[in-house]
2 protein chains.
Amino acid sequence: MARKTKTSSDRPTLVDVAREAGVSAITVSRTIRSPGIVSDKARRKVEEAIRRLGYTPDPAASALASRSTSTIGLLVPSLTNNVFSDVLRGVYEGVQGTRYFVQIGNYRYSALEEEGLIRNFLSQRPAGLIVSSMDQTPTGRRLLETAPCPVVQIMEIAEGAVDMSVGFDQLAAVRAGAQHLQECGYRRPGFLSARMDPRAQRRLAAFREFAEGAGMLDDRRIITTPQPSSVGMGGHLLEQLLSQAPDTDAVMCNNDDLAVGALMEALRRHIAVPGQLGICSYNDIEMARHMVPALTAVATPRREIGSRAIAMLLAEIDNPGSVTERRVDLGFEMMIRESTSRR
Amino acid sequence: MARKTKTSSDRPTLVDVAREAGVSAITVSRTIRSPGIVSDKARRKVEEAIRRLGYTPDPAASALASRSTSTIGLLVPSLTNNVFSDVLRGVYEGVQGTRYFVQIGNYRYSALEEEGLIRNFLSQRPAGLIVSSMDQTPTGRRLLETAPCPVVQIMEIAEGAVDMSVGFDQLAAVRAGAQHLQECGYRRPGFLSARMDPRAQRRLAAFREFAEGAGMLDDRRIITTPQPSSVGMGGHLLEQLLSQAPDTDAVMCNNDDLAVGALMEALRRHIAVPGQLGICSYNDIEMARHMVPALTAVATPRREIGSRAIAMLLAEIDNPGSVTERRVDLGFEMMIRESTSRR
DNA sequence: AGACAAAATGATTGCGCTGTCATTTCCTGT
DNA sequence: ACAGGAAATGACAGCGCAATCATTTTGTCT
């Protein structure tokens, strides 16, 4: 025996709206989901009834019946990292006004946690998934490959993406920075990096390779730490670099926080930038170009990655197979400023 | 006539697990939700069956049947603002390992958009809601008041919170900063602020009031812009301030981006900080204390606000009415550093 | 050992919506 | 005016789980 009494606190359902409008429930459902296939007359009646009753659809019921939700999962390795807050912004701009909404999962640079989050997201039957790396666990990767929804991998362009991908060549970007230092006449460049996730490792490898090829490699000048990146850490790392290799004449920093920190440390030590020490940053968040001296940086298209990823995802959700360019290279740009111009 | 054939691609359901374990469906449900009330024997059988089948509960079905979800809605006015990324971090730390997950809504400093998001979140039957302001539209406020779930308002301590609140006295914090400038001997302080949302307005009002009381008020020194805050904007605002009132001897900045920008602009113009110009920042994100000179700042407990808010919310969800301290003042702290020490 | 309470388990029903397919209504051209 | 087809609408069942309440099992006390 169930409660028959529909208390007034219960919110109205589709059926209530249907009764009010004098149509069937399914017509109400269609008016909401695909107004195009409902006659103008019926549509007006239904819309009026919805307004009168203050009806809002129940997403849970819809998800259960249709076996899919309006959720788009976004997996990021960090929430504090400025890189991802820019990506996030691009993504949010892209879902504005659509019926989808974004749910963020933070796997804190742990592939295992990422795997758990993938599993968790998939159990919710998401409309699509955006993941921020190519470095899943084997299981995580398999989950993505067999996911019943479109998947976009972002940040990098590399072989073997699961399906769609948007990013740029991170290794070429680092090389461009290093080459710029060389072209500016620096001959003893160092490399500063925190939080050695796989991507940071690869960038370091790219730097070493370039430096080696240019005859500028010196392992004493490669300073890394597993700890998170921060402005303070940039100062520490430069300090360590200069104590190990005082004749270092430039640094390539693995992100802007480190570069700003290094610049401040140089200021503190009265080391002239760019005269005695060149600094090249990576990512180019807004702050970088307002430093004194303004920081030269490899600018990465973070926000564009976010907005492009969501655009591809939405297109593919609406119309599976319609996205022809499934691998998008957004490139990068060298922003040459004062911190490396010593001529 | 419905599909009777259960294709192998269908994921297993509660009933499948029950059959496999030789118990009833509801026992499986209980094993998952409240293992305490199930016998050890049954629990083991069920857990084993779940593992064998690789069962994952369907959140949509659960939400529909139980009329509530595991979603916690978090409304923030901005995603790029460092303030909220710290709050976010606190919140995410707090939900780690619980069965809840956070969904973010960005209302971009628009109370109207906020209202829409409140409505949207509520339609999902969330387990709880965290909102970042006290400045809802009347309708938005009513929605929160009648929400069928706990609500925490964060960032401010003020009369008339809807229910629970966590924050600090933003006005006292600004006054403390202004007073500090006065105590350092500055007599012609200015005020820099971007993105004039209601909270920024109130802080400006608090500054004016204090300055007036101290006989230091000069409206030429109050520089604001409706545009978003950024490091670059800090530079512009200082430029404008100095052209309007060249004898200004200190600035109170409404956040760290502006303060860093102002500092850089001062450097560029060879204005000695703190000698010729004192700078006091607001919020104190990590970068502030690593500037040269290190920035004096009013430190706000952003991350603590996030973790405390989620803790209160979870406690209230588990056990309605159990949170006795429904209004928490986390205070603030003056971080006195080089940018104001001119003695 | 028997009585009783407490703990554990189960059968049934419905949450609110959408997929499927059948039926009705509308429109077009001759 | 009427056939034929397209467009619009509706009836019905079921998505997977949890609330309810009834029933069975277990434990405890005298």
Side-chain angles (χ1 to χ4, degrees), chain A residues 1-7 9-46 49-50 53 55-70 99 123-125 127 148, chain B residues 1-7 9-46 49-50 53 55-70 99 123-125 127 148:
Chain A
M1 195 96 39
R3 51 236 108 111
K4 285 254 160 53
T5 54
K6 189 149 185 109
T7 69
S9 76
D10 281 345
R11 37 192 256 194
T13 73
L14 209 61
V15 175
D16 297 329
V17 176
R19 195 181 315 111
E20 177 84 10
V23 299
S24 73
I26 188 68
T27 298
V28 178
S29 172
R30 284 198 272 250
T31 320
I32 292 166
R33 290 181 304 151
S34 31
I37 64 167
V38 172
S39 69
D40 283 2
K41 190 156 60 82
R43 189 157 40 67
R44 266 194 300 275
K45 280 193 298 184
V46 169
I50 287 178
L53 266 45
Y55 169 76
T56 357
D58 182 331
S62 168
L64 182 58
S66 71
R67 305 158 142 278
S68 84
T69 65
S70 304
R99 67 183 203 86
S123 80
Q124 293 179 56
R125 307 179 184 280
Chain B
M1 196 94 39
R3 51 237 108 112
K4 285 253 160 52
T5 53
K6 190 154 187 103
T7 69
S9 76
D10 282 345
R11 37 191 255 194
T13 73
L14 210 60
V15 175
D16 296 329
V17 175
R19 194 180 319 109
E20 177 83 10
V23 299
S24 73
I26 189 66
T27 299
V28 178
S29 172
R30 285 198 273 249
T31 320
I32 291 166
R33 290 181 304 151
S34 30
I37 64 166
V38 172
S39 69
D40 283 1
K41 189 155 61 81
R43 189 158 39 70
R44 267 194 298 274
K45 279 195 297 186
V46 170
I50 287 177
L53 265 47
Y55 168 77
T56 357
D58 182 329
S62 168
L64 182 58
S66 71
R67 305 158 142 279
S68 85
T69 65
S70 304
R99 67 184 203 86
S123 80
Q124 294 179 54
R125 307 180 185 279

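Note that this is a predicted model, so its numbers are computed, not measured. Here is the naming used below: chain letters follow the sequence lines, and residue numbers restart at 1 for every chain.
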J.: Atom CZ of B:R67 to atom P of C:dC17: distance rounded to whole Å?
T.: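 For the pair B:R67 CZ and C:dC17 P, the rounded distance is 11 Å.
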J.: Decide whether A:R125 and A:S68 meet the rule of one side-chain donor and one side-chain acceptor closer than 3.5 Å.
T.: no
J.: Judged by atom type as modelled, is there a donor-acceptor pair below 3.5 Å linking the side chain of B:S62 to the main-chain atoms of B:D58?
T.: no
J.: So which of residues 24-39 of chain A are in contact with DNA chain C, with a heavy-atom cut-off of under 4.0 Å?
T.: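 When residues 24-39 of chain A is checked for heavy atoms under 4.0 Å from DNA chain C, the hits, listed by number, are A:I26, A:S29, A:R33.
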J.: Is a side-chain donor or acceptor of A:T13 paired with a backbone partner of A:V15 at a separation under 3.5 angstrom?
T.: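 It does hold such a pair.
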J.: Identify the two heavy atoms, one from A:R11 and one from A:P57, that lie closest to each other, and give their separation to 0.1 Å.
T.: NH2-O, 3.5 Å
J.: Please tabulate, for side-chain N and O atoms in residues 21-31 of chain B, each donor-acceptor pair with protein atoms closer than 3.5 Å (sequence neighbours left out).
T.:
{"residue": "B:S24", "atom": "OG", "partner": "B:T27", "partner atom": "OG1", "Å": "3.2"}
{"residue": "B:S29", "atom": "OG", "partner": "B:R33", "partner atom": "NE", "Å": "3.2"}
{"residue": "B:S29", "atom": "OG", "partner": "B:R33", "partner atom": "NH2", "Å": "3.2"}
{"residue": "B:T31", "atom": "OG1", "partner": "B:T27", "partner atom": "O", "Å": "2.5"}

J.: For the pair made of CG in B:L14 and C1' in C:dC15, what is the distance, rounded to whole Å?
T.: 15 Å
J.: Between B:R125 and B:R43, which is nearer to the 5' end of DNA chain C once each is assigned its nearest nucleotide?
T.: B:R43
J.: Enumerate the residues from residues 55-65 of chain A whose closest heavy atom to DNA chain D is under 4.0 Å, giving them by residue number; use none for an empty result.
T.: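 The answer is A:L64, A:A65.
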J.: Take atom CZ of B:R19 and atom P of C:dA11, then tell me their distance rounded to the nearest Å.
T.: 13 Å
J.: Is it the case that the side chain of A:S34 and the backbone of A:I37 share a donor-acceptor pair, with hydrogens and angles ignored and the cut-off at 3.5 Å?
T.: no
J.: When you compare the side chain of A:V46 with that of A:V38, does any pair of heavy atoms fall below 4.5 Å?
T.: no
J.: What integer distance in Å separates A:D40:CG from D:dA8:C1'?
T.: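 In whole Å, D:dA8 C1' lies 12 Å from A:D40 CG.
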J.: Nearest whole angstrom, please: distance from the C1' of D:dG27 to the NZ of B:K41.
T.: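 Atom NZ in B:K41 sits about 15 Å away from atom C1' in D:dG27.
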J.: Over how many whole Å does the gap from A:K45 atom NZ to D:dG10 atom C1' extend?
T.: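 Answer to the nearest Å: 13 Å.
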J.: To check you understand the geometry: which heavy-atom pair defines the closest contact between B:A60 and A:L64, and what is its length?
T.: CB-N, 3.9 Å
